Amino acid sequence: MSDLSPAERYAAAKARRGAPQLQQFRERQRFDLDPFQLDACRALEEGRSVLVAAPTGAGKTIVAEFAVHLALAAPRAKVFYTTPMKALSNQKFSELAAEHGAHNVGLLTGDSNINSSARVVVMTTEVLRNMLYADSALLHDLEYVVMDEVHYLADRFRGAVWEEVIIHLPSAVRMVSLSATVSNAEEFGDWLQAVRGDTDVIVSEERPVPLEQHVLVRSRLLDLFEGAVIDEGSAARVNPELTRLTAGSDRVDSWKRPGGRPGKGKRREAERAISRGDGRGGPPSGDRMFGDRMGRADVVKLLRSRNLLPAIFFVFSRVGCDAAVEQVARSDLRLTEGWERDEIRSIVEERCRAIPDADLAVLGYWGWLDGLERGLAAHHAGMLPIFKEIVEELFQRKLLKVVFATETLALGVNMPARTVVIEKLEKFNGEARVPLTPGEYTQLTGRAGRRGIDVEGHAVIQWAGGVDPRAVASLASRRTYPLHSSFRPTYNMAVNLIQQFGRDRTREILEQSFAQFQADRAVVDLARRVRGQEEALAGYEQAMTCHLGDFREYSSLRRELSDLERKNARAEGRGPGHQESRGERDRRQRQISDLRRRMKQHPCHACAEREAHARWAERWWRLKRETDQLRSQISGRTGAVAQVFDRVTEVLSELGYVSGTGSDAEVTAPGRVLMRIYGERDLLVAECLRRGIWDELDAPGLAALASSLVYEPRREGSDVGDRGLPRGAFRAALEATEAVWEELSALELHHRLPEGQPPSPGLALATQKWAQGAALDVVLRDAELAAGDFVRWMKQAIDLLDQLSIVADGPLGRRARQAIDGIRRGIVAYSGVS
C-alpha cells in the first residue's frame with residue numbers, strides 16, 4: 001500500500017467503503033483476487049448478475065464463492081449452486097461443506113437428498129428446472145443461482161435445461177453464470193441482459209499460469225512457436241527447427257524397404273509392437289519408436305526427466321486409456337516413492353472396503369491397484385464411478401503422476417496437471433474421425449498448469465507423419481469456441497408451461513430463448529418490451545378501476561364517440577368537391593347519438609372521479625395499441641421456436657393431453673401426469689402409463705422395461721434379437737410399447753416434428769437378472785458393458801422408475817419402488833456418483 005500514490009490510496013479506500021463484503025471476502029483468500037474476479041464480485045455486491053467467461057483454471061469459481069459469502073452474510077438469503085454433472089455436484093458439496101459447515105450446505109442430485117433446506121444447496125441443473133416447474137417451497141428466499149459450466153447449454157441432449165432455468169428463474173434472483181472462454185460471450189451476455197435484466201459480462205483471456213506449447217517429434221521435444229507471445233497471427237511464427245524436422249515426414253524411413261514397406265522381419269516386429277502399443281520393435285534408433293512416435297513409457301520417462309509430471313495424456317478411446325496403463329506398467333516404470341505407495345493403498349482400501357472380494361475380482365481391482373501404486377491410472381466413463389472418484393482424489397493429492405483420460409476429464413472435474421499430452425489431433429465422434437476443434441483443444445490444454453504450484457503449464461502434441469506444424473499452430477492459437485443454443489420445446493416443457501402461463505404467454509416466453517435470440521436477436525428485445533409494457537398496462541388498468549362498473553368498457557365508448565365526432569368535423573370542414581351522401585351523414589349521426597345515450601346510461605358516467613380514471617384509461621389504450629403493434633412484429637418474425645411449440649401442442653391436443661385452443665388451452669388429467677415425467681421419451685412413457693401397457697409387469701420386468709427407455713447403445717445395430725430378451729410378460733409389454741412409439745412417430749411426422757428414438761432393449765435381460773439378484777460377473781457378461789456404463793444406465797433407469805412411482809396408480813407405483821430396490825444394490829448402491 002505504501003507504494004501507492006495518494007490518489008491511488010484514496011481510490012482504494014473508496015472502493016473498500018463501496019464494497020465492504022468484497023473487502024471482507026478478499027481478506028480470507030490465500031491469493032489476492034485478479035482484476036476480472038474483482039470486477040465480477042463488485043457487480044454482484046452492487047446487485048447485478050454476472051457472466052464470467054475465462055479459461056479453465058483461471059479462478060471463475062471465486063466469483064461463485066463470493067455469491068455464497070453474500071448469501072450467508074444476509075439474514076435468510078439462499079444460494080443454489082448448479083452443475084452439469086453429479087460428479088461435480090458431489091465435489092462442490094464437499095468443498096462448500098468443509099468451508100461453511102455441514103449444517104449450511106445441502107445436496108440435491110436425484111441420487112442424494114442431503115439437507116435440502118440449507119442456505120446453500122448444490123444441485124444438478126435438471127433438479128433446479130424441476131423445482132421451478134413445481135414451484136417448490138425451497139425457492140423461497142432464493143437470492144443467487146450459480147450456473148457452473150453454463151456453456152453446457154450448447155449440449156444437444158441436455159442444453160435446453162439451462163435455458164429453461166435462465167428464463168424461468170424469478171427476476172429478483174441474481175445469476176452467476178460461469179463459462180469457459182467462448183468467442184461469442186458478448187452475444188450470450190446480451191441475451192442474459194435481455195431476459196434477466198442488469199448483467200455484467202466479464203471476459204478474461206488470460207491464463208493464471210502461462211501455457212507453453214510443444215511438439216514431440218520422434219524423441220525431441222520442440223517448442224511449437226518461435227516467440228513467447230501467442231496471438232491470432234501465431235501460425236506465421238512456427239518454430240523453424242520444427243518445420244525443418246517435419247518437412248521430410250513423407251520420405252521413406254531408412255528402416256523401411258523401397259516402396260515404403262518395412263522388411264518382412266521388421267514388419268512382423270512392428271505389427272507385434274502395434275498390438276502391444278508400446279512402440280517396441282520399431283526402427284533401430286534406440287528410441288523404441290514405431291514409425292515417427294515414441295512409445296508411451298518412453299514419453300513418460302522423457303517428461304519425468306524434464307520435470308514435467310504430473311501429466312494427463314488425452315487418449316480418445318476408453319479401451320486405449322486402459323491399454324495405455326497396461327503398456328506403461330509392463331515397462332516396469334515406477335513413478336512413486338514407498339511412502340506414496342503406502343498412502344495410495346491405504347486410501348483405496350478404505351474407499352473400497354464395502355465392495356465384496358468377488359465383485360472386486362470381476363472389476364479388475366488388483367491390476368487397477370497395481371497401476372495406482374506405480375503412479376498410473378486411467379479415467380473414463382466406463383470405469384466404476386467410485387474408481388473414478390479415487391483416481392481424482394489421488395491425483396489431487398499429487399500421489400498419481402500420469403493419468404490416461406478421455407476428453408470427458410476436460411469438462412469440469414478439478415484435476416489440473418503440470419503437463420497435458422495430446423496423442424492425436426482427431427477423434428471419433430460416433431460417426432467418423434474428425435479433427436479437434438480449437439475449442440476442444442483449448443478445453444483439453446486448459447488442464448495444464450496448477451495455480452500456486454506451477455510457474456507455467458505445458459501442452460505436448462505428439463507429432464505423426466502428415467501433420468503440418470502450421471495447422472497445429474493455428475489450432476493452438478485460435479480461440480474460436482462459439483456458443484450455439486440447442487434449445488427445443490419438449491412435450492414435458494409444453495404442458496408445464498401451458499399449466500403455469502397458458503398457451504399464448506408460453507409462446508412469448510419461448511420467444512425469449514437463446515435459440516430464438518440467435519435466430520433473430522430483435523425478437524427477444526421486442527418480447528422483453530412487450531413483457532414490460534404488459535406490467536405497465538396492468539398498473540394503468542388498476543389506476544382506472546371504478547367501483548361503479550367496468551371503466552375499460554366505458555372508456556371504449558368514449559373513444560369510439562370521440563373518433564366519430566372527429567370524422568364528422570373533418571367531413572363538415574371539407575370543400576364542396578368532397579361532400580358526403582346524405583345517407584352516410586345521417587348514419588354517422590345516428591351512431592353518435594346512440595353512443596352518447598349508452599355512455600350516459602353506463603354506471604361509470606356518474607363516478608365523481610370519472611375524468612381522473614379517463615386519463616389513466618387513455619394511457620392504457622395508447623400503450624395497448626403500441627403493445628399490439630409489437631406483438632404483430634414478433635409474429636411476423638421467424639418465430640422458429642414458437643412454431644415448434646405450436647406443433648408440439650398440436651400433437652398434445654390430438655392425444656388429449658391439452659384441451660382447448662389458443663388462450664383457452666388447458667392441461668388435462670393425462671397432461672398433469674406428463675408434467676412429472678422428464679426425459680427423452682417423456683410422451684412415450686406417459687402414453688404407455690395411460691394405456692396400462694405395463695400393468696402386468698412384475699418388479700424385475702418393469703426395471704427391464706425402464707432400462708429399454710433410457711438405454712442408448714454406443715453403436716448402431718448393437719441391439720439384441722428376441723433371444724436376448726426377458727421372457728414372459730416383458731415381451732408383450734415391449735411389443736405394445738414399440739407399437740405406441742410407431743403411432744407417436746407417425747403423428748410427429750404428420751406435424752413436421754422429428755420422430756423420437758425407439759426403445760432400445762439391449763440392456764433389458766441384464767437389468768432383469770440384476771433386479772432378480774444375479775451376480776455381477778453374470779450381468780456384466782450379458783450386458784457386454786463396462787462396469788461404469790452399467791452403473792450409469794442403472795441410475796438412469798432408477799430416475800425413470802422414481803418418476804413412475806410418483807405418477808403411476810396403485811400397484812404399478814408400488815412395483816416401480818420395488819424395482820428401484822432391486823436395482824439399487826451392489827456396485828449400483830455403493831457408487832454415489834454417476
Side-chain angles (χ1 to χ4, degrees), residues 86-87 90 94 109-112 114 318-319 321-322 325-326 329 341-374 376-395 399-400 698-704 706-707 711 726 763-799 801-802 817-834:
K86 293 174 185 176
N90 280 267
S94 299
T109 62
D111 288 340
S112 305
I114 302 171
R318 299 173 177 188
V319 173
C321 290
D322 293 330
V325 174
E326 292 177 16
R341 291 192 284 277
D342 292 341
E343 192 169 344
I344 288 168
R345 180 175 285 270
S346 173
I347 291 169
V348 173
E349 288 178 347
E350 173 62 27
R351 296 290 304 276
C352 296
R353 190 171 52 188
I355 306 177
D357 286 349
D359 286 357
L360 289 176
V362 172
L363 297 167
Y365 170 82
W366 306 109
W368 174 67
L369 177 59
D370 178 65
L372 295 179
E373 290 182 339
R374 292 171 179 270
L376 308 167
H379 188 286
H380 57 74
M383 293 172 63
L384 191 67
I386 197 169
F387 283 14
K388 276 200 303 180
E389 290 178 58
I390 291 168
V391 169
E392 291 160 13
E393 180 180 347
L394 295 177
F395 199 80
L399 295 170
L400 293 182
D698 60 8
L702 187 58
S707 77
Y711 176 59
L763 201 51
L765 184 60
T767 304
Q768 184 196 51
K769 288 183 178 180
W770 182 250
Q772 290 170 335
L776 179 63
D777 59 338
V778 172
V779 171
L780 292 183
R781 185 183 64 240
D782 283 354
E784 296 182 349
L785 284 179
D789 289 326
F790 178 71
V791 169
R792 187 171 70 258
W793 293 123
M794 288 304 94
K795 295 215 168 198
Q796 290 196 29
I798 286 171
D799 282 346
L801 289 165
D802 189 49
R817 183 56 55 191
Q818 291 165 1
I820 292 172
D821 294 339
I823 296 176
R824 191 181 277 150
R825 66 179 185 87
I827 61 170
V828 178
Y830 50 63
S831 295
V833 180
S834 66

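In this text the structure is predicted, and so the values were computed from the model without any measurement.
- The distance from atom CG of D777 to atom CG of D359, rounded to the nearest 0.5 Å, is 8.0 Å.
- Ion pairing of K388 with E392 is absent here, as no side-chain N (NZ or NE/NH1/NH2) approaches a carboxylate O to less than 4.0 Å.
- Between L801 and I820, the shortest heavy-atom contact is CB-CG1, 3.6 Å.
- Across K769 and R825, no two heavy atoms sit closer than the pair O-NH2, 4.5 Å.
- Using a cut-off of 4.0 Å between Lys/Arg side-chain N and Asp/Glu carboxylate O, D370 and R374 are scored as salt-bridged.
- Closest non-hydrogen pair, A378 versus M383, comes out as O-SD, 3.2 Å.
- Residues H380 and D322 form a side-chain contact, since some pair of their non-hydrogen atoms from C-beta on lies under 4.5 Å apart.
- Annotation: the span from L394 atom CG to E343 atom CD amounts to 8.5 Å, rounded to 0.5 Å.
- I386 is not listed as a side-chain neighbour of I827, based on a closest heavy-atom distance of 4.5 Å or more.
- R318 has its side chain within reach of D789: a pair of non-hydrogen atoms, C-beta onward, lies under 4.5 Å apart.
- Taking CD of Q768 as the reference point, atom CG of D782 lies at 10.5 Å (rounded to 0.5 Å).
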In sequence, state the C-alpha distance, the side-chain angles, and the governing distance for E349 and R353, and then conclude on salt bridge (charged side-chain N to carboxylate O under 4.0 Å, His left out).
-> CA-CA 6 Å; E349 288 178 347; R353 190 171 52 188; over 6 Å; no
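- Between W770 and A775 the shortest heavy-atom distance is CZ3-C, 4.5 Å.
- For T767 (side chain) and L763 (main-chain N/O), a donor-acceptor pair under 3.5 Å exists by modelled atom type.
- The CZ atom of F790 sits 12.0 Å away from atom NZ of K795, with the distance rounded to the nearest 0.5 Å.
- Side-chain contact check for Y365 versus C352: some heavy-atom pair is nearer than 4.5 Å.
- The CZ atom of R824 sits 4.5 Å away from atom CD1 of I798, with the distance rounded to the nearest 0.5 Å.
- Contact between I823 and A703 at its shortest, heavy atoms only, is CD1-CB, 3.6 Å.
- Residues A706 and A797 approach most closely at CB-O, 4.2 Å, considering heavy atoms.
- Using a 4.5 Å heavy-atom cutoff, the side chains of V391 and W368 are in contact.
- The closest side-chain heavy-atom distance from L363 to L776 is below 4.5 Å.
- With values rounded to the nearest 0.5 angstrom, C321 atom SG is found 12.0 Å from E326 atom CD.
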Residue pair I347, L399: steps toward the side chain to side chain contact (heavy atoms under 4.5 Å, CB included) verdict | CA-CA 11 Å; I347 291 169; L399 295 170; 4.0 Å; yes
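- When side chains are defined from C-beta on, D802 counts as touching R817, because their heavy atoms get closer than 4.5 Å.
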